[in-house]
Amino acid sequence: MVLSQSGEVNTNPYMFTINTSNGLLFDDAIKFYMKKFSNANIILVDMGDTNEKTLRKSFTTKLKTALGNQNLSYKVVNLTSSTSEILKAMEKNKVNLFVPNSANLPLMKKLLNKWKKLVEENTNYRISMLGHREWLSLASEMKSLLYTCDTYIYSKYWFNPGNAA
């Protein structure tokens, strides 16, 4: 076990890092999402968080770059958008993957409550959400909302709320 920022950790099967850099974490998360949701309708959600850290902006920028490199388009809605505006951005024949640009927990609660209603009232759409690792701090409290919104959260560690161990 080593603490290393070198690329050797990615190629040497006898090494692993316990402190993955945010850049590597974002790159790996984006690779996973690009593979899992390769045919999805990507919808970025502007949360209106003017205090958002540069970290989330970095993730969003990397995601936009990866989408551009694959010639994939994305749409943008706001947290304050009406249901009809959100539905206009959605597609019935694809998974609609919503990607919020903020990890702010009070805004996350507002977002998930709004999207829960959207999911329940529009069962003819397939809806998923990409969440941020900070959301895990409220996973037990918000578990049903996270499941209802089919939320995927990237993290440096493994977390399974269904497993007490």
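Residues Asp46 and Val77 are not in side-chain contact: their nearest non-hydrogen atoms beyond the backbone lie 4.5 Å or more apart. Considering only heavy atoms from C-beta on, Met90 comes within 4.5 Å of Leu118 through its side chain. Side-chain contact between Trp115 and Phe98 is present, with at least one heavy-atom pair separated by less than 4.5 Å. Counting only heavy atoms from C-beta outward, the side chains of Val95 and Phe37 approach each other to under 4.5 Å. Taking the side chain as every heavy atom from C-beta outward, Leu72 and Met34 approach each other to under 4.5 Å. Put simply, the side chain of Ile42 reaches to within 4.5 Å of the side chain of Leu67, judged on heavy atoms. Looking at Ser137 and Leu105, their side chains come closer than 4.5 Å, going by heavy atoms from C-beta outward. Counting only heavy atoms from C-beta outward, the side chains of Leu146 and Leu112 approach each other to under 4.5 Å.
Taking CD of Glu134 as the reference point, atom CE of Met108 lies at 10.0 Å (rounded to 0.5 Å). To the nearest 0.5 Å, atom CG of residue Leu136 and atom CE of residue Met142 are 12.5 Å apart. Expressed to the nearest 0.5 Å, how far CG of Leu79 lies from CE of Met47 amounts to 5.0 Å. Here the straight-line distance linking atom NZ of Lys117 with atom CG of Asn113 works out to 11.0 Å at 0.5 Å rounding. To the nearest 0.5 Å, the span separating CD on Glu121 from CG on Leu87 amounts to 9.0 Å. The distance from atom CG of Leu63 to atom CG of Leu130, rounded to the nearest 0.5 Å, is 7.5 Å.
Remark: side-chain polar atoms of Asn122 are not paired, donor with acceptor, to backbone N or O of Tyr125 under 3.5 angstrom. Checked by atom type and distance alone, the side chain of Lys75 pairs as donor or acceptor with a backbone atom of Ala89 at under 3.5 Å. Between the Asn96 side chain and the Glu91 main chain, a donor and an acceptor come within less than 3.5 Å of each other. Looking at His132, its side chain does come within 3.5 Å of a backbone N or O of Pro100 through a donor-acceptor pair. In this structure a side-chain-to-backbone donor-acceptor pair under 3.5 Å is present from Lys114 to Ser81. With hydrogens and angles ignored, the 3.5 Å screen pairs no side-chain donor or acceptor of Asn78 with any backbone N or O of Thr80.
Summarising the geometry of Arg133 relative to Leu25, their closest heavy-atom pair is NH1-CD2, 2.6 Å, with the distance given to 0.1 Å.
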- Task: Evaluate the criterion side-chain contact (heavy atoms from CB on, under 4.5 Å) for residue pair Leu44 and Asn101; output intermediate values, then yes/no.
- Result: CA-CA 7 Å; Leu44 303 179; Asn101 69 348; over 6 Å; no
Quick one: do Ile43 and Val99 satisfy side-chain contact (heavy atoms from CB on, under 4.5 Å)? Show the steps, please. CA-CA 6 Å; Ile43 304 170; Val99 184; over 6 Å; no
- Step by step, would you call Trp135 with Met129 a side-chain contact (heavy atoms from CB on, under 4.5 Å)? CA-CA 12 Å; Trp135 293 15; Met129 176 86 60; 4.1 Å; yes
Trace of the side-chain contact (heavy atoms from CB on, under 4.5 Å) decision for Cys149 with Ile127
CA-CA 7 Å; Cys149 297; Ile127 299 172; 5.9 Å; no
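The neighbour count for Lys116 NZ, taken as heavy atoms of other residues, nucleotides or ligands under 6.0 Å away, does not exceed 12. A 6.0 Å sphere centred on CG of Asn39 holds no more than 12 heavy atoms belonging to other residues, nucleotides or ligands.
Contacts classified as salt bridge (charged side-chain N to carboxylate O under 4.0 Å, His left out) and involving residues 78-88 (residues at least two apart or in different chains) are not found.
A parallel orientation is assigned to the rings of Tyr154 and Phe59, their planes being inclined by less than 30° (bins at 30° and 60°).
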